[in-house]
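Since the structure comes first, as structure tokens, the remarks are kept for the end.
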Amino acid sequence: EAAVTQSPRNKVAVTGGKVTLSCNQTNNHNNMYWYRQDTGHGLRLIHYSYGAGSTEKGDIPDGYKASRPSQENFSLILELATPSQTSVYFCASGDVGGRHEQYFGPGTRLTVL
Amino acid sequence: QQKVQQSPESLIVPEGGMASLNCTSSDRNVDYFWWYRQHSGKSPKMLMSIFSNGEKEEGRFTVHLNKASLHTSLHIRDSQPSDSALYLCAAARSNTNKVVFGTGTRLQVLP
């Protein structure tokens with residue numbers, strides 16, 4: 001079964017601090033995605049990547065950066081965390097081509113105080 | 001910006017009943033639809049996909065797609081308490097790897 005892991009699983013950060021969320025996949029999928037999930041908003045796409053070295057802006061990229069140093073790893077970086085970024089963040093991987101499903105990690109619950 | 005609208009927001013059905021969930025995309029060029037299921041505290045998992053007009057059945061689950069109206073529906077017959085979850089509809093164009101999710105329908109199946 002496809003495997004996507006995230007770390008940390010829970011994080012408490014202070015306003016203005018830097019936060020890095022990490023994602024690792026062993027599926028050898030080219031595509032990776034970062035979403036946030038808030039009640040009433042479903043899953044919203046923050047950044048995604050087509051492969052190592054590439055990052056693309058999703059629908060809500062403001063306040064976030066992404067890094068894809070390798071096929072397996074995709075990070076989400078909050079340079080200056082704000083309370084509005086308190087949320088549950090999901091990483092996902094998927095194969096190339098629009099027909100392929102996405103495999104999600106377990107999620108990271110981030111609280112910014 | 002493409003939107004995926006789902007209805008109803010929440011749904012309560014009795015055990016053994018039929019649950020019907022709806023999803024419509026605002027993108028006239030959308031080609032693919034998926035239904036994901038997310039149990040409380042867990043991550044979403046793909047339940048069914050549909051790419052062509054018509055109907056697709058897998059066990060108790062049936063999906064319909066009408067590409068002309070950009071509408072898909074998910075029907076769960078003989079609903080079980082274990083079906084209680086958030087159901088997310090997702091859509092994408094064939095020429096992109098970007099997938100857009102709806103806000104979900106929360107289904108509760110009462111014993």
Side-chain angles (χ1 to χ4, degrees), chain A residues 1-6 9-10 21 23 25 27 29-51 54-62 66 68 74 87-109, chain B residues 1-10 21-27 29-52 56 58 63 65 67 72 85-107:
Chain A
E1 169 137 336
V4 180
T5 57
Q6 294 181 231
R9 293 293 311 279
N10 290 281
L21 307 183
C23 178
Q25 55 108 354
N27 310 318
H29 288 157
N30 282 352
N31 300 332
M32 295 186 75
Y33 308 82
W34 276 107
Y35 296 91
R36 63 178 285 177
Q37 185 172 38
D38 306 285
T39 303
H41 290 280
L43 286 169
R44 291 185 288 174
L45 182 63
I46 306 170
H47 285 287
Y48 59 108
S49 168
Y50 292 121
S54 89
T55 59
E56 303 288 335
K57 293 181 179 180
D59 296 322
I60 54 164
D62 293 345
R68 181 88 181 270
F74 191 36
S87 187
V88 178
Y89 291 85
F90 286 100
C91 175
S93 75
D95 215 337
V96 293
R99 289 181 170 233
H100 293 275
E101 70 179 279
Q102 294 186 7
Y103 295 88
F104 285 82
T108 294
R109 183 173 296 276
Chain B
Q1 183 174 329
Q2 177 193 357
K3 288 192 182 299
V4 174
Q5 301 282 353
Q6 290 187 243
S7 65
E9 285 188 16
S10 62
L21 291 68
N22 297 291
C23 171
T24 303
S25 171
S26 66
D27 183 357
N29 297 310
V30 73
D31 295 293
Y32 307 135
F33 287 90
W34 297 262
W35 286 93
Y36 284 76
R37 182 167 67 180
Q38 184 180 21
H39 286 108
S40 181
K42 303 294 186 182
S43 56
K45 283 186 169 52
M46 201 271 288
L47 186 62
M48 292 188 74
S49 61
I50 188 161
F51 307 136
S52 304
K56 181 177 176 181
E58 291 181 3
V63 290
L65 176 59
K67 281 198 167 182
T72 178
L86 180 68
Y87 288 78
L88 295 161
C89 176
R93 296 182 178 184
S94 60
N95 61 351
T96 178
N97 292 294
K98 179 183 172 185
V99 178
V100 179
F101 283 82
T103 55
T105 292
R106 188 161 298 281
L107 173 65

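Naming: A, B, ... by sequence-line order, numbering from 1 per chain.
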So the salt bridge (Lys or Arg N to Asp or Glu O under 4.0 Å) pairs with at least one residue in residues 32-41 of chain A (sequence neighbours excluded) are A:R36-A:D38, A:D38-A:R44

**Item:** Over 12 foreign heavy atoms within 6.0 Å of NZ, B:K56
**Value:** yes

Applying a strict 4.5 Å limit to non-hydrogen atoms, the region of B:Q38 in contact with chain A is side chain

> Is any side-chain heavy atom of B:V99 closer than 4.5 Å to a side-chain heavy atom of A:Y35?
Replying inline: yes

Applying ring pair (Phe, Tyr, Trp, His ring centres under 6.0 Å) to A:Y48 and not counting sequence neighbours gives A:Y50

Interatomic distance, CG@A:D59 vs NZ@B:K3, rounded to 0.5 Å, equals 8.5 Å

The interface call for A:Q102 against chain B, heavy-atom contacts under 4.5 Å, is both

Bottom line for A:F90: the part with an atom under 4.5 Å from chain B's heavy atoms is side chain

Taking every heavy atom of A:G105 against every heavy atom of B:S43, the minimum-distance pair comes out as O-CB, 3.0 Å

Note: B:P44 and A:F104 closest approach over all heavy atoms is O-CD1, 3.5 Å

The interface call for A:L43 against chain B, heavy-atom contacts under 4.5 Å, is both

Honestly, the part of B:Y36 sitting under 4.5 Å from a heavy atom of chain A is side chain

